[in-house]
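Below, chains carry the letters A, B, ... as their sequence lines are ordered, and counting in each starts from 1.
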Number of protein chains: 2
Amino acid sequence: MGVKILQKPEEATASSLKPRDRLLHTARDLFHQHGIKGIGVEAITEAAGTNKMTLYRHFGSKDDLIVECLQKAINETMSKWDELEREYPDNPKAQLIAWIGAGAQCIASDKRGCEIANAAVELTEPDHPGRRVIEEGKKEHRRRLVGLCQRADLTQPELAADTLCLLFEGARISRQSDGPEGPCARFKRMAEGVVAAYERK
Amino acid sequence: MGVKILQKPEEATASSLKPRDRLLHTARDLFHQHGIKGIGVEAITEAAGTNKMTLYRHFGSKDDLIVECLQKAINETMSKWDELEREYPDNPKAQLIAWIGAGAQCIASDKRGCEIANAAVELTEPDHPGRRVIEEGKKEHRRRLVGLCQRADLTQPELAADTLCLLFEGARISRQSDGPEGPCARFKRMAEGVVAAYERK
DNA sequence: CTCTGTTGTGACCGATCGGTAACAGTATGC
DNA sequence: GCATACTGTTACCGATCGGTCACAACAGAG
């Protein structure tokens with residue numbers, strides 16, 4: 001009894017990160033798991049090992065927090081694109097196949113689908129600040145996929161990219177209603193088939 | 001001034017239908033437009049031209065109302081399938097092309113996507129009564145699509161059906177974040193391409 | 001006309017929502 | 001040691017949430 005506990009338990013969420021980053025990380029996770037409207041700010045602060053005041057000092061409102069979470073998610077996706085280019089430099093076809101593989105893995109491991117698309121479902125007000133972020137993020141994602149299809153020398157690169165895009169989006173949303181054994185299970189096969197179909201012979 | 005107004009305005013929602021049906025119809029619409037968690041029961045009853053007590057006398061809870069709305073949506077979809085068969089009897093290929101056309105029209109006209117898939121995004125609790133309805137509805141939908149692809153004598157009918165399914169789901173969810181000019185705009189072309197690719201030559 | 005089942009009304013419940021005020025504790029840099 | 005900036009605590013705000021109560025109005029059937 002002589003030793004006073006000065007250090008708090010420090011669970012995973014309340015790690016070495018500063019409160020702001022813990023809040024962002026935790027909020028993103030809880031928004032994704034329970035839906036944006038399905039989780040309250042208090043629950044987020046508790047899970048992040050902090051409190052409401054700290055949240056509202058860093059983020060002016062729940063909506064602002066939502067926007068930052070969305071932006072962070074998009075930035076992460078863009079980083080993955082960069083990583084892909086670094087991993088297979090000057091080999092766009094390998095990049096494309098790797099993108100499909102990563103997509104399939106993402107579908108298999110995450111039952112809640114795409115956090116950006118899910119946010120678009122929940123944020124119905126047309127002037128919600130999050131909508132701009134969502135739209136620009138998805139547009140950028142499409143741009144990069146089209147670019148990759150072009151570099152991979154696919155015939156009709158835009159159509160190929162849009163097809164891959166719809167298959168991917170479809171797989172992630174379908175997983176939430178049809179389960180992991182539904183149509184989404186064959187995403188990889190379909191996507192690789194699309195690439196093959198648009199390859200220059 | 002001599003004429004008393006005995007008949008209420010009777011707007012579209014408060015039509016000749018009975019309160020229960022008005023509630024169901026209105027709730028479905030508002031759930032779709034604002035999201036399930038984005039609309040309250042009071043707003044639903046007002047839009048339906050009735051009151052909370054009447055709602056709770058017909059539906060025990062908001063969750064029960066949600067379930068009935070989902071079931072109604074699924075029944076409607078199944079009716080459309082029946083209609084399709086009646087319209088092109090013994091011509092499965094024409095049914096398939098008509099299904100694609102109807103899908104494209106649905107994508108173009110409804111910016112909020114699939115109410116069932118959207119519900120799956122919002123109802124995150126795994127034991128929510130609505131989830132069973134969603135899963136069974138989507139499974140039945142897939143079953144019918146596979147059946148149609150088989151009757152249309154496509155090679156690999158299951159793979160073709162799953163591909164069409166993902167393209168359709170993807171188009172409807174993508175429209176909500178990428179807009180009507182995004183990848184979803186080419187759904188018809190892609191889907192018809194899939195049918196052509198799996199046709200027996 | 002009366003009886004019965006269906007609606008409508010308005011007040012009300014406890015819980016939770018997003019958000020704030022005031023104040024106390026703590027870490028850091030000089 | 002001291003000032004400053006950040007963080008934590010508690011209590012609180014008004015609004016809204018899903019849901020219920022008792023009671024009045026109303027319809028149609030017998």
NZ/NE/NH1/NH2 to OD/OE distance under 4.0 Å, A:Glu135 and A:Arg131: yes
A:Asp29-A:Thr26 side chain donor-acceptor pair, cut-off 3.5 Å: no
Whole angstrom value for the distance that separates P of C:dC17 from CD1 of B:Ile39: 19 Å
Qualifying residue for side chain to side chain contact (heavy atoms under 4.5 Å, CB included) with B:His58, from B:Arg20, B:Glu68, B:Met53: B:Arg20
Length of the CD1-P vector between A:Ile44 and C:dC17, whole Å: 10 Å
Between P of C:dG8 and CD of B:Glu42, the distance in whole Å: 14 Å
Atom-to-atom span, CZ of A:Arg20 to P of D:dC6 - whole angstrom: 12 Å
Nearest-Å distance for atom pair CG/P, residues B:Leu23 and D:dG19: 14 Å
Axis-to-axis angle between the two ends of the helix from C:dC1-D:dG30 to C:dC30-D:dG1 (five base pairs per end, rounded to 10 degrees): 10°
Comparing A:Gly40 and B:Asn51 on DNA chain C - which has the more 5′ nearest nucleotide: B:Asn51
Salt-bridge present (B:Asp153, B:Arg200; N to O < 4.0 Å): yes
Side chain to side chain donor-acceptor pair (under 3.5 Å) contacts touching residues 182-192 of chain A (sequence neighbours left out): A:Arg186-B:Glu158, A:Arg186-B:Asp162
Length of the line joining B:Ile36:CD1 and D:dC17:P, which is rounded to integer Å: 16 Å
Passing candidate, side chain to side chain contact (heavy atoms under 4.5 Å, CB included) with A:Val194, options A:Thr163, A:Ile100, A:Leu96: A:Thr163
Side chains of B:His32 and B:Asn118, donor plus acceptor under 3.5 Å: no
Pair A:Arg144 + A:Glu85, salt bridge at N-O below 4.0 Å: yes
Selection: residues 52-67 of chain A, any non-hydrogen atom under 4.0 Å of DNA chain D: A:Met53, A:Thr54, A:Arg57, A:His58
